[in-house]
Amino acid sequence: MTTMNTAYHIILASNSPRRKELLSGLDIAFDVRVLDGIDESYPDTLATRDIAEYISRKKAVAYRATMAADELVITADTIVVLGHEVMGKPKSDDDARRMLHRLSGQTHQVITGVTLTTVSAQKSFSVTTDVTFKTLTDQEIDYYVETYHPSDKAGAYGIQEWIGHIGVVGLQGSFYNVMGLPVQRIYEALQTL
C-alpha cells in the first residue's frame, strides 16, 4: 500500500483498535508503542474542557524518554461529559448501565485531547463533539451492555456500534472524534510540524 510521506516516523501510543483504524485512514505509515502504568489522574481543580488534553500531555511525558530523534508520538485521551460529570470507562456492567441511563435522552460532549510530540517540539489540542441520544429503553441498554461489553469505552458506548446506530439522533462536530481520534485535526497538525 502506498502511504503519504511524513518527515517523522509516526508512533501511535494506543492499543485501541478504533484509534489504529482511524489513523490508518490517513494513509500514513505508523507503528504502535504502548507503555503500561501511565498515571491518568488529573487535578480536581482542572476545568472539564481541559481534562482530556491534560491527560494526553501527561501520556506524552512518559514517552519522551523512549523517543528517537526521527519519531513523532501521538498520545490521546477521550472523555465523555454530561453537564459537570466526567464519564471515563465503566468499572463494571452495572456502571455501564448507569452511564447509559444518564446519557439517555440527553446531549453530552465527547472531548478528545491529542498531543503530538517530537524530541524538539510538542503540539496539543482538543476537539469537542456534541452527541444526542434518544431516550433508551432498559431493554436496549441491557442488550447493548450484554452483547457489546463496552468496558473499554469512555461513557460506556461506541458510536460505531449498535447503540450508535439505534440511539444517536444528533451529532454536531466530528464523528471520528467520538470514535476516539479526531483524525482531520491530526492531519492538519501533522502538516505544520
Side-chain angles (χ1 to χ4, degrees), residues 4 6 8 10-28 30 32-34 38 40-43 45-63 72-90 99-100 102-103 106-118 121-133 150 152-161 163-165 167-193:
M4 291 189 58
T6 62
Y8 295 99
I10 306 293
I11 305 294
L12 175 63
S14 175
N15 246 344
S16 164
R18 292 164 301 283
R19 287 190 176 139
K20 290 181 211 175
E21 174 189 351
L22 291 170
L23 192 58
S24 293
L26 294 182
D27 290 343
I28 296 170
F30 67 93
V32 172
R33 184 183 305 152
V34 178
I38 297 175
E40 296 186 19
S41 63
Y42 54 88
T45 57
L46 196 62
T48 304
R49 69 182 175 278
D50 298 329
I51 293 171
E53 190 173 327
Y54 175 89
I55 295 172
S56 77
R57 285 194 306 269
K58 201 170 181 182
K59 290 177 179 179
V61 169
Y63 281 85
L72 182 147
V73 175
I74 301 171
T75 54
D77 191 73
T78 301
I79 61 171
V80 170
V81 179
L82 178 64
H84 296 290
E85 181 182 357
V86 177
M87 296 181 178
K89 296 174 183 173
M99 289 182 184
L100 291 169
R102 294 271 298 123
L103 296 173
Q106 303 290 322
T107 297
H108 63 275
Q109 288 71 47
V110 177
I111 305 170
T112 302
V114 177
T115 299
L116 307 179
T117 305
T118 68
Q122 189 171 74
K123 182 177 194 120
S124 295
F125 57 87
S126 60
V127 174
T128 301
T129 304
D130 291 336
V131 181
T132 304
F133 269 109
D152 64 334
K153 296 171 179 68
Y157 78 93
I159 194 169
Q160 73 281 5
E161 295 176 337
I163 199 83
H165 294 254
V168 173
V169 295
L171 184 88
Q172 185 172 358
S174 168
F175 174 82
Y176 299 115
N177 182 54
V178 182
M179 282 182 68
L181 203 62
V183 286
Q184 189 278 330
R185 282 288 302 278
I186 289 173
Y187 176 79
E188 294 298 325
L190 287 172
Q191 303 308 302
T192 65
L193 278 174

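Since the model is a prediction, treat every value here as computed from it, not as a measurement. The first residue of the sequence shown is numbered 1, and numbering continues consecutively from there.
- Side-chain atoms of Asp130 do not come within 3.5 Å of backbone N or O of Leu171 as any donor-acceptor pair.
- Separation of atoms CG (Leu22) and CZ (Phe175) is listed at 8.5 Å; rounding is to 0.5 Å.
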For residues 75-82, which side-chain donor-acceptor pairs fall under 3.5 Å, sequence neighbours excluded?
unit_1: Thr75; atom_1: OG1; unit_2: Ser56; atom_2: O; d: 2.8
unit_1: Thr75; atom_1: OG1; unit_2: Thr115; atom_2: O; d: 3.4
unit_1: Asp77; atom_1: OD1; unit_2: Lys59; atom_2: NZ; d: 3.4
unit_1: Thr78; atom_1: OG1; unit_2: Arg19; atom_2: NH2; d: 3.0
unit_1: Thr78; atom_1: OG1; unit_2: Thr112; atom_2: OG1; d: 2.9

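- Taking each heavy atom of Lys58 and Ser41 in turn, the nearest pair found is NZ-O, 2.9 Å.
- Counting only heavy atoms from C-beta outward, the side chains of Tyr176 and Ile159 never approach each other to under 4.5 Å.
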Practice prompt. Applying side chain to side chain contact (heavy atoms under 4.5 Å, CB included), run through Ile38 and Val61 and close with a yes or a no.
Written response: CA-CA 10 Å; Ile38 297 175; Val61 169; over 6 Å; no

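- Applying the side chain to side chain donor-acceptor pair (under 3.5 Å) test to Lys89 and every residue at least two apart in sequence or in another chain returns nothing.
- In terms of modelled atom types and a separation under 3.5 Å, the side chain of Asn15 and the main chain of Val34 share no donor-acceptor contact.
- Between Val114 and Pro182, the closest side-chain pair of non-hydrogen atoms falls below 4.5 Å.
- Between the side chain of Tyr63 and the backbone N or O of Arg33 there is at least one donor-acceptor pair closer than 3.5 Å.
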Given Leu116 and Val73, is the side chain to side chain contact (heavy atoms under 4.5 Å, CB included) satisfied, shown in steps? CA-CA 6 Å; Leu116 307 179; Val73 175; over 6 Å; no

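- Shown here for Ala60 and Thr117, the closest heavy-atom pair between the two residues is CB-OG1, 3.3 Å.
- Looking at every heavy atom in both residues, Asn177 comes nearest to Thr129 through ND2-OG1, 3.0 Å.
- Nearest heavy-atom pair, Val32 versus Phe30, reported as atom, atom and distance to 0.1 Å: CG2-CE1, 4.1 Å.
- Partners of Gln106 under the side chain to side chain donor-acceptor pair (under 3.5 Å) rule, at least two apart in sequence or in another chain, do not exist in this structure.
- Between Thr128 and Arg49, every side-chain heavy-atom pair lies at or beyond the 4.5 Å cut-off.
- Counting heavy atoms from C-beta outward, Ile74 and Ile186 have side chains that approach closer than 4.5 Å.
- With 3.5 Å as the limit, one finds no donor-acceptor pair spanning the side chains of Ser124 and Glu53.
- With a 6.0 Å cutoff to the six-membered ring centre and a 45° limit on the axis angle, Arg185 counts as a cation-pi contact of Phe125.
- Ring orientation note: the planes of His108 and Tyr157 are nearly perpendicular, at an angle over 60° on the 30°/60° scale.
- Residues Val127 and Ile111 have side chains not in contact (no heavy-atom distance under 4.5 Å, counting atoms from C-beta outward).
- Arg102 has a carboxylate O that lies under 4.0 Å from a charged side-chain N of Glu85, or vice versa, which qualifies the two as a salt bridge.
- Residue Ile51 comes nearest to Leu46 through the heavy atom pair CA-CD2, 3.7 Å, listed as atom of the first residue, atom of the second, then distance.
- Heavy-atom minimum distance, Leu103 versus Phe133: O-CB, 3.6 Å.
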